[in-house]
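These values consider heavy atoms only, across backbone and side chains, with no hydrogens, waters or symmetry-generated copies. Computed from a prediction, not measured in an experiment: that's the story for all the values here.
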Amino acid sequence: MIVLVLIGLLGGLITAVSPCVLPVLPVVFLAGGPGAATGAKAQADPEGDSGQDDPSGRRNRRPYAVVAGLVVSFSFFTLAGTTIISALGLPDGILRYVGLAMLVLLGLGLVFPPLERLLERPFARLPQRRVNKEGSAFALGLGLGLLYVPCAGPVLAAITVAGAQGRISTRIVALTVAFAVGTAVPLLVFALAGRGVARRVGAFRRRARVFRVAGGAVMIVLACALAFNLTDVLQRALPDYTAAAQNKVEDSQTARQQLSGLTDNSNKLLSRCEDGVDQLRDCGPAPAFAGISQWLNTPGGRPLSIKELHGKVVLVDFWTYSCINCQRALPNVEAWDRAYRADGLQVIGVHSPEFTFEKSASNVADAVKKLGVRYPVALDNQLTTWNNYRNQYWPAQYLIDSDGTVRYLTFGEGRYSQTEDLIRTLLQQAHPHLSLPPKTTSHYTPVPTDTTPETYLSTQRIDRYVGTPLVEARPERYHAPAQLPSGGISLNGTWTTTYEDFTAGPGARIDLSFQAAKVYLVLGGHGPVKVLLDGRLLRTVQVSGAPTLYTLADLGGPHHGLLQVEPAQGVQAYDFTFG
């Protein structure tokens with residue numbers, strides 16, 4: 001739990017100083033300065049000199065009220081917003097529009113004091129003395145929290161997925177609050193700086209009314225800029241100076257394990273099984289196949305259950321069809337199915353999609369046929385079974401004995417001979433007089449450690465990117481640098497980049513400095529894709545149909561060089577993998 005909270009805090013701190021929050025900083029700064037002038041004081045002091053503490057000795061707590069509102073709003077709606085919106089049948093962008101409306105309304109309140117007093121009236125009912133003075137500041141924080149939600153990465157993604165699936169556990173709440181507090185600390189410092197300026201600079205004290213009107217105008221202008229995405233100009237002009245820090249904290253191996261393990265206490269006995277340990281253990285009853293949208297390779301699409309498979313040794317293989325690591329593991333899984341099915345082994349492929357296009361039943365069915373998968377495949381589109389098994393990787397194998405107990409698990413590629421030995425052991429335990437066939441041949445070539453790691457073409461997940469800052473979800477012209485660092489990737493020409501994929505426009509090109517013997521890329525759409533190696537045309541790949549994995553280069557041995565990919569307009573690129 002402590003490690004998870006630290007990841008949330010650090011992720012929040014990094015997010016709070018990233019370019020995506022720069023547009024809201026003027027509002028936070030101004031919110032910490034001139035406060036509301038209410039009641040008798042407003043009549044006696046029409047200039048609203050609230051930049052100082054009150055004569056009664058009460059300090060101006062507007063900065064704390066703004067940040068408290070932001071933390072409450074951010075935490076609640078990030079965790080539960082998707083569920084609430086879905087339950088009420090509201091549009092997906094409703095929270096953003098509510099935040100924008102609140103920002104405009106509070107900005108108008110600063111310009112027109114009677115409106116501000118009207119907005120503060122609900123807070124006047126609270127029993128605490130003069131708490132209504134910070135009412136509008138707290139409401140401002142609530143609105144900023146709604147607008148601040150998009151500015152996050154892997155931690156927020158983990159929270160959002162958990163909330164959407166209704167898995168709100170203690171760990172999820174702790175991560176959410178830690179992330180919100182982390183984002184609040186730099187913003188509180190900024191708001192306190194605004195309060196300090198308002199208290200110490202004479203111009204603020206003499207012309208508080210002018211600054212209040214200016215602050216209201218800034219809020220209204222900001223709301224309009226956010227509504228029409230004009231703040232993207234500022235974000236594009238600045239480099240993503242927090243990307244390296246975010247990747248190091250939120251996308252580290254430790255963070256991935258922590259974020260992937262955000263489950264409740266159900267099936268906690270699975271934690272007894274450690275990845276790849278060469279022995280059988282008792283890791284509790286096998287979880288059910290739940291949330292399966294469709295079954296393939298069963299009679300009439302009939303679903304299977306763990307209960308009806310008692311008496312058989314079951315191998316559950318988590319995979320997704322465009323994953324090259326999964327594809328490299330498949331020959332071994334298929335060989336075990338052929339060799340041991342008659343002796344009581346039942347292989348179940350649980351297809352848990354990584355990308356949206358992998359949720360299509362027809363796409364999966366085509367891939368299953370093309371890859372020669374003949375054992376039952378369960379389509380786990382909502383990752384329910386994935387979560388039941390507390391899984392973390394593609395591929396992953398879970399070995400279940402004939403009594404329905406999980407005895408072994410292994411993540412990733414490799415350990416095929418070891419896994420097969422344990423399959424044979426469980427089959428012999430279930431049927432002591434069984435005569436097993438010879439072991440199959442392991443299909444595995446270890447990938448060298450210096451091979452370029454998997455590279456997602458995603459605005460939030462891309463690593464080692466250099467060049468023109470990425471723009472979300474609209475066509476943008478990019479310019480690749482003259483030279484790329486080792487392992488670097490860049491764009492040239494027009495691209496539309498999103499969290500899910502990059503779509504090619506006129507003159508589109510990807511430049512990639514790589515180290516590998518083989519290069520693969522998930523592509524979708526229709527059209528030719530030219531592949532150049534070190535400036536020379538290597539091949540032209542014809543892309544057609546649903547997204548799937550294509551081989552761009554098979555060089556026969558390790559090669560370090562520059563790969564350039566030139567897709568036709570409309571082709572979507574998702575994910576580079578290497579071998």
Is the backbone N or O of [Y] less than 3.5 Å from a side-chain atom of [X], with the two atoms forming a donor-acceptor pair by type?
{"X": "Asp401", "Y": "Asp403", "answer": "yes"}
{"X": "Thr452", "Y": "Gln515", "answer": "yes"}
{"X": "Thr385", "Y": "Ala290", "answer": "yes"}
{"X": "Asp337", "Y": "Arg341", "answer": "no"}
{"X": "Ser322", "Y": "Leu549", "answer": "no"}
{"X": "Glu358", "Y": "Val364", "answer": "no"}
{"X": "Gln428", "Y": "Leu434", "answer": "yes"}

### Note: Arg415-Asp278 ion pair, threshold 4.0 Å (strictly below)
no
Where [X] and [Y] come nearest, the two heavy atoms and their spacing:
{"X": "Ala480", "Y": "Arg509", "result": "CB-NH2, 4.1 Å"}
{"X": "Tyr375", "Y": "Asn297", "result": "O-ND2, 3.0 Å"}
{"X": "Ile306", "Y": "Pro287", "result": "CG1-O, 3.3 Å"}
{"X": "His526", "Y": "Gly545", "result": "CE1-N, 3.2 Å"}
{"X": "Thr320", "Y": "Ser352", "result": "CB-O, 3.5 Å"}
{"X": "Gly344", "Y": "Leu427", "result": "C-CD2, 3.8 Å"}

Evaluate the side-chain proximity of [Y] to [X]: yes if any heavy-atom separation is below 4.5 Å, no if none is.
{"X": "Leu523", "Y": "Thr548", "result": "no"}
{"X": "Asp501", "Y": "Val522", "result": "no"}
{"X": "Val466", "Y": "Pro485", "result": "yes"}
{"X": "Asp343", "Y": "His431", "result": "no"}
{"X": "Val471", "Y": "Tyr478", "result": "yes"}
{"X": "Asn391", "Y": "Leu383", "result": "no"}
{"X": "Pro353", "Y": "Asn381", "result": "yes"}

Any side-chain donor-acceptor pair under 3.5 Å between [X] and [Y]?
{"X": "Ser490", "Y": "Asn492", "result": "no"}
{"X": "Lys439", "Y": "Ser417", "result": "yes"}
{"X": "Gln429", "Y": "Ser402", "result": "no"}
{"X": "Thr468", "Y": "Glu476", "result": "no"}

### Task
Using side chain to side chain donor-acceptor pair (under 3.5 Å) as the criterion, list what pairs up with Gln542, not counting sequence neighbours.
none
### Task
Under the side chain to side chain donor-acceptor pair (under 3.5 Å) rule, collect the residues that match up with Thr540, sequence neighbours excluded.
none
#### Entry: Partner set under ring-ring contact (aromatic ring centres under 6.0 Å, His included) for Tyr408, not counting sequence neighbours
none
### Task
For the pair Tyr340 and Arg424, evaluate side chain to side chain donor-acceptor pair (under 3.5 Å) and give the outcome as yes or no after the intermediate values.
CA-CA 9 Å; Tyr340 303 115; Arg424 293 170 68 90; 2.8 Å; yes
### Message
Which residue in the set Thr425, Leu426, Leu422 passes side-chain contact (heavy atoms from CB on, under 4.5 Å) when paired with Val313?
### Response
Leu426
## Note on the structure
Residue set satisfying salt bridge (Lys or Arg N to Asp or Glu O under 4.0 Å) with Arg536, at least two apart, ordered chain then number -> none
### Query
Can you list every pair that meets ring pair (Phe, Tyr, Trp, His ring centres under 6.0 Å) and has a residue in residues 292-320, with sequence neighbours left out?
Phe289-Trp295, Phe318-Tyr389, Phe318-Tyr398, Trp319-His351
### Query
More than 12 non-hydrogen atoms from neighbouring residues, nucleotides or ligands closer than 6.0 Å to CZ on Arg281, yes or no?
yes
Which side-chain N or O atoms in residues 553-566 pair as donor and acceptor under 3.5 Å with protein atoms at least two apart or in another chain?
from   : atom 1 : to     : atom 2 : distance (Å)
His559 : NE2    : Asp534 : OD2    : 3.0
His560 : ND1    : Phe514 : O      : 3.2
Gln564 : NE2    : Asp511 : OD1    : 3.4

